Amino acid sequence: MSPSRRPPGGARQLTDYAGRVLDVAEAIPRGLVMSYGDIAEYLGEGGPRQVGRVMALWGGGVAWWRVIHADGSLLAGHERAALARYREEGTPMRLDGDGKPSRVDMRRARWTPAP
DNA sequence: CGTGTGACACGTA
DNA sequence: TTACGTGCCACAC
């Protein structure tokens, strides 16, 4: 448990759940990703929006760029940083009309934790 | 206690 | 392919 994933402030009951979400996020291998819904489904509790909430609050301490939308679109406002990570990790990307990487190729990059 | 909002997902057009 | 409506759930007002 790294210090940086400690809640900034008055976190309450969400802390336990947040811990599980962050555990999963930390377990995502280099070059692969999970969607918010994937994590919620794997945990068997909460939902995509709850996972998104956890990531919004405490995601800074983990590989946040490996947790994205189910359609492979990138985190709004952090596309530049995310693309840089994907490029160095070799994450499978889909190209847009200009031949530039725009979103993650979920067919190849999606990862599921071992049961 | 109702209403609005959000780092979402999905069906439909 | 994108856009919109709806379901979902926690939280701020």
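Here the structure is a predicted model, which means the values were calculated and not measured. The chains referred to below are lettered A, B, ... by the order of the sequence lines, with proteins before strands, and numbering in each begins at 1.
Looking at heavy-atom distances under 4.0 Å, A:G37 makes contact with sugar-phosphate atoms alone, never a base. When heavy atoms are screened at a 4.0 angstrom cut-off, A:R94 is found touching the sugar-phosphate backbone but no base atom.
Between A:R53 atom CZ and C:dA10 atom P the separation is 10 Å, expressed in whole Å. The nearest whole Å value for the distance from the CD atom in A:E41 to the P atom in B:dC10 is 9 Å. Residue A:L43 contributes atom CG, which lies 15 Å from atom P of C:dC9 at whole-angstrom precision. Distance, A:Y42 OH to B:dC8 P: 23 Å, rounded to whole Å. Rounded to an integer number of Å, the gap from A:M55 CE to B:dA9 P is 13 Å. One interatomic measurement links the two molecules: CZ of A:R103 to P of C:dT2, which rounds to 7 Å at whole-angstrom precision. One atom, CD1 of A:I28, and another, C1' of B:dA7, lie 13 Å apart when rounded to the nearest Å. Atom CG in A:D38 sits roughly 9 Å away from atom P in B:dC10 (whole-Å rounding).
Side-chain proximity of A:L75 to B:dA7, C:dT1, B:dC8: nearest is B:dA7. Of all nucleotides listed (B:dC10, B:dA7, C:dT1), B:dA7 comes nearest to the side chain of A:A56. Side-chain atoms of A:Q50 lie closest to B:dG6 of the nucleotides B:dA9, B:dG6, B:dA7.
In this structure, the separation between OG on A:S73 and CZ on A:R94 is 11.5 Å, given to the nearest 0.5 Å. Rounded to the nearest 0.5 angstrom, A:R66 CZ and A:E26 CD are separated by 10.0 Å. Atoms CD1 and CD, on A:I28 and A:E89 in that order, are 10.0 Å from each other to the nearest 0.5 Å. Remark: A:T112 OG1 to A:Y42 OH distance equals 9.5 Å, nearest 0.5 Å.
Under the Watson-Crick or G-U wobble criterion, with both distances below 3.5 Å, B:dC1 has no partner in any strand shown.
Phosphate contact (OP1/OP2 of B:dC8, side-chain N/O of A:S35, threshold under 4.0 Å): absent. Under 4.0 angstrom from either OP1 or OP2 of B:dC10 there lies no side-chain N or O belonging to A:R49.
Panel note: side chain A:R110, backbone A:S35; no donor-acceptor pair is recorded below 3.5 Å.
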